[in-house]
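Note sheet for the following structure.
All values below come from the heavy atoms of this structure, side chains included, with hydrogens, waters and symmetry mates left out. We name chains A, B, ... by the order of the sequence lines, and we start the count at 1 in each one.
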Protein chains: 2
Amino acid sequence: MATRQKTSRKAAAAIRRPRARAINGAAHAGDDIGLDALVGHAGYAVRRFQLWIFQDFIKTLATVDIRPTQYSVMTVIGANPGLSQMAVAKRLGIERARLVHLLDSLEERDLVSRIPSATDRRSHALHLTARGKTALAQFKRLAAEHERHVADKIGKDNRERLLQILACFT
Amino acid sequence: MATRQKTSRKAAAAIRRPRARAINGAAHAGDDIGLDALVGHAGYAVRRFQLWIFQDFIKTLATVDIRPTQYSVMTVIGANPGLSQMAVAKRLGIERARLVHLLDSLEERDLVSRIPSATDRRSHALHLTARGKTALAQFKRLAAEHERHVADKIGKDNRERLLQILACFT
DNA sequence: GAAAGATTGTTGTTGACGACAACAATTGAT
DNA sequence: ATCAATTGTTGTCGTCAACAACAATCTTTC
């Protein structure tokens with residue numbers, strides 16, 4: 001049953017129907033579906049949580065069209081002007097190849113500028129533009145609003161605890 | 001500075017070099033790069049953590065070639081035989097379109113089988129094969145080993161707290 | 001019981017993202 | 001002067017989420 005064409009479902013149904021009832025288990029009508037070992041796995045919970053948190057971030061900052069990764073890049077550059085692309089990539093744990101496209105889009109929107117380094121002609125010194133600085137201030141306000149959504153979802157003190165537990169990854 | 005060709009870096013360096021020194025900030029030699037507002041964002045910490053945890057899961061289960069999503073699908077099917085693809089997708093929060101390819105690969109490996117539903121000829125009743133059941137038992141042992149890695153990384157009680165905080169997402 | 005609307009599995013596309021490999025330009029070490 | 005390492009860039013590959021369309025089928029409604 002590797003590949004299935006347009007007519008495969010009908011054919012399979014006709015062939016295997018007689019056996020189906022004996023094999024099928026309970027109907028599982030509603031939401032009584034157990035997760036078994038999955039509930040004890042941190043990775044599963046974290047995946048679901050990250051999905052929720054990123055969607056809320058994107059929605060909350062939809063008016064300014066900024067995604068989480070773009071926000072992290074601008075924040076780090078704003079706090080450390082003159083960083084090289086390599087330094088930003090290493091600090092944020094993203095590939096330097098990926099940062100190229102991120103900076104391309106941010107530079108097109110006049111939020112970030114690549115300035116040739118004075119000491120190393122291979123590297124670029126990254127800076128926020130004037131427009132980027134005022135924009136980042138607004139992004140931070142919206143991001144703070146998103147963070148309040150997180151606190152509303154999991155509880156204010158739970159959020160604090162979470163940040164403390166995961167501090168070793170930042 | 002939207003597009004850059006092969007020669008753009010050299011040209012830009014030559015043109016802008018005189019201004020560079022005055023504009024560049026401190027050199028940021030080592031690892032004293034601040035994250036500014038990023039440290040207060042749960043999403044950033046969660047993203048870094050999920051990256052780490054998924055990589056460890058993949059590495060720990062590399063010998064059996066099972067990824068986190070595949071493991072979650074097999075676990076849910078194993079605990080609830082006869083589920084439809086729609087039910088599995090909804091329970092795990094993945095798109096039913098995505099589940100198609102996931103099940104295709106698992107079916108090719110003879111771990112899962114799609115059996116035509118007796119009551120609804122549109123849907124498939126999902127079951128583990130005999131081979132899939134014994135394989136899942138081994139996957140669970142390896143996943144438990146991965147979970148111990150998590151506990152080693154963030155602490156045993158911190159892991160418990162994390163699972164408790166994020167329980168509302170599972 | 002026939003028409004209309006909803007559901008299920010499937011296919012396809014799009015875009016963000018991580019990983020990897022190659023390359024030119026440049027730097028630093030020998 | 002030469003050789004290895006670094007930096008930015010380009011490209012490809014595979015995973016993943018989101019969305020749209022479609023045929024087959026079920027359910028509702030008249």
Side-chain angles (χ1 to χ4, degrees), chain A residues 1-14 17 47-48 50-55 57-59 65-73 83-90 92-105 107 114-126, chain B residues 1 3-14 17 47-48 50-55 57-59 65-70 72-73 83-90 92-105 107 114-126:
Chain A
M1 192 78 72
T3 59
R4 53 203 76 259
Q5 298 85 346
K6 278 283 171 66
T7 60
S8 67
R9 289 178 56 204
K10 203 179 193 173
R17 185 119 47 99
R47 170 182 161 266
R48 298 296 298 257
Q50 151 141 19
L51 220 57
W52 181 90
I53 212 170
F54 266 51
Q55 282 173 349
F57 187 99
I58 294 172
K59 198 195 313 175
D65 191 27
I66 286 290
R67 315 191 95 262
T69 313
Q70 296 174 315
Y71 176 76
S72 70
V73 169
L83 282 187
S84 69
Q85 298 185 192
M86 190 63 199
V88 171
K90 200 178 298 183
L92 290 178
I94 59 187
E95 296 241 347
R96 64 187 203 275
R98 166 132 187 70
L99 193 56
V100 173
H101 302 295
L102 283 168
L103 289 174
D104 283 349
S105 75
E107 214 173 20
R114 289 188 248 224
I115 298 176
S117 167
T119 59
D120 190 336
R121 281 167 52 189
R122 293 171 302 179
S123 66
H124 296 156
L126 302 174
Chain B
M1 190 82 69
T3 60
R4 56 200 74 257
Q5 298 84 347
K6 279 283 174 64
T7 60
S8 66
R9 289 178 58 205
K10 202 178 189 176
R17 185 117 48 98
R47 169 183 161 266
R48 299 295 298 258
Q50 151 140 18
L51 221 56
W52 181 90
I53 211 170
F54 266 50
Q55 281 173 347
F57 187 99
I58 294 171
K59 198 195 312 176
D65 192 26
I66 285 290
R67 316 191 91 256
T69 313
Q70 295 174 316
S72 69
V73 169
L83 282 186
S84 69
Q85 297 185 194
M86 189 65 199
V88 171
K90 202 180 295 182
L92 290 178
I94 59 185
E95 296 241 347
R96 65 186 201 274
R98 168 136 183 67
L99 192 56
V100 173
H101 302 296
L102 283 169
L103 289 175
D104 282 350
S105 75
E107 216 175 19
R114 288 188 251 223
I115 298 176
S117 167
T119 58
D120 189 337
R121 282 168 49 191
R122 294 170 302 179
S123 66
H124 296 156
L126 301 176

Interatomic distance where CG belongs to A:Leu83 and P belongs to D:dT7 [whole Å]: 12 Å

Comparing A:Arg98 and A:Leu51 on DNA chain D - which has the more 5′ nearest nucleotide: A:Arg98

Rounded interatomic separation in angstrom, taking CD from A:Glu95 and C1' from C:dA19: 5 Å

Interatomic distance where CG belongs to B:Leu102 and P belongs to C:dG9 [whole Å]: 14 Å

Set of side-chain contact (heavy atoms from CB on, under 4.5 Å) partners for A:Ala97, sequence neighbours left out: none

Nearest heavy atoms of A:Arg47 and B:Ile94, plus distance in Å: NH2-CG2, 2.8 Å

Given DNA chain C, 5'-ward residue of the pair A:Gln70 and B:Ser84, judged by closest heavy atom: B:Ser84

Nearest-neighbour nucleotide for the B:Ser123 side chain, C:dT8, D:dT9, D:dC26 considered: C:dT8

Pairwise distance CZ(B:Arg98) to CG(B:Leu103) - rounded to 0.5 angstrom: 10.5 Å

Rounded distance in Å - CD1 (B:Ile66) to P (D:dT15): 13 Å

d(CD, A:Glu107; P, D:dG8) in whole Å: 13 Å

Any B:Arg48 side-chain N or O less than 4.0 Å from OP1/OP2 of C:dG18: no

Test side chain to side chain donor-acceptor pair (under 3.5 Å) applied to A:Arg96 - qualifying residues, sequence neighbours left out: none

Rounded interatomic separation in angstrom, taking OH from A:Tyr71 and P from C:dA16: 20 Å

Presence of B:Arg67 side-chain N/O under 4.0 Å of D:dC16 phosphate oxygens OP1/OP2: yes

For the student: nearest non-hydrogen atoms of B:Arg114 and B:Leu126, plus distance: CG-CD2, 3.6 Å

Partners passing side-chain contact (heavy atoms from CB on, under 4.5 Å) against A:Ile58 (at least two apart in sequence or in another chain): A:Arg67, A:Pro68

N or O in side chain of A:Thr69 less than 4.0 angstrom from C:dC17 OP1/OP2: yes

With A:Gln50 via side chain to side chain donor-acceptor pair (under 3.5 Å) - residues at least two apart: none

Touch class at under 4.0 angstrom, heavy-atom based, for A:Leu99 against every strand present: nothing

Candidates D:dA17, C:dG12, C:dG18 - which lies nearest the side chain of B:Ala97: C:dG12

Touch class at under 4.0 angstrom, heavy-atom based, for A:Gln85 against every strand present: sugar-phosphate

So which protein nitrogen or oxygen atoms get under 3.5 Å of nucleotides 28-30 of chain C's nitrogens or oxygens?
none

A:Ile115 and A:His124, any side-chain heavy atoms less than 4.5 Å apart: no

Whole angstrom value for the distance that separates P of C:dA19 from NE2 of A:His101: 15 Å

N/O (side chain, A:Arg96) to phosphate O (OP1/OP2, D:dT7) under 4.0 Å: no

Separation of atom CZ in A:Arg47 from atom P in C:dC17, rounded to whole Å: 17 Å

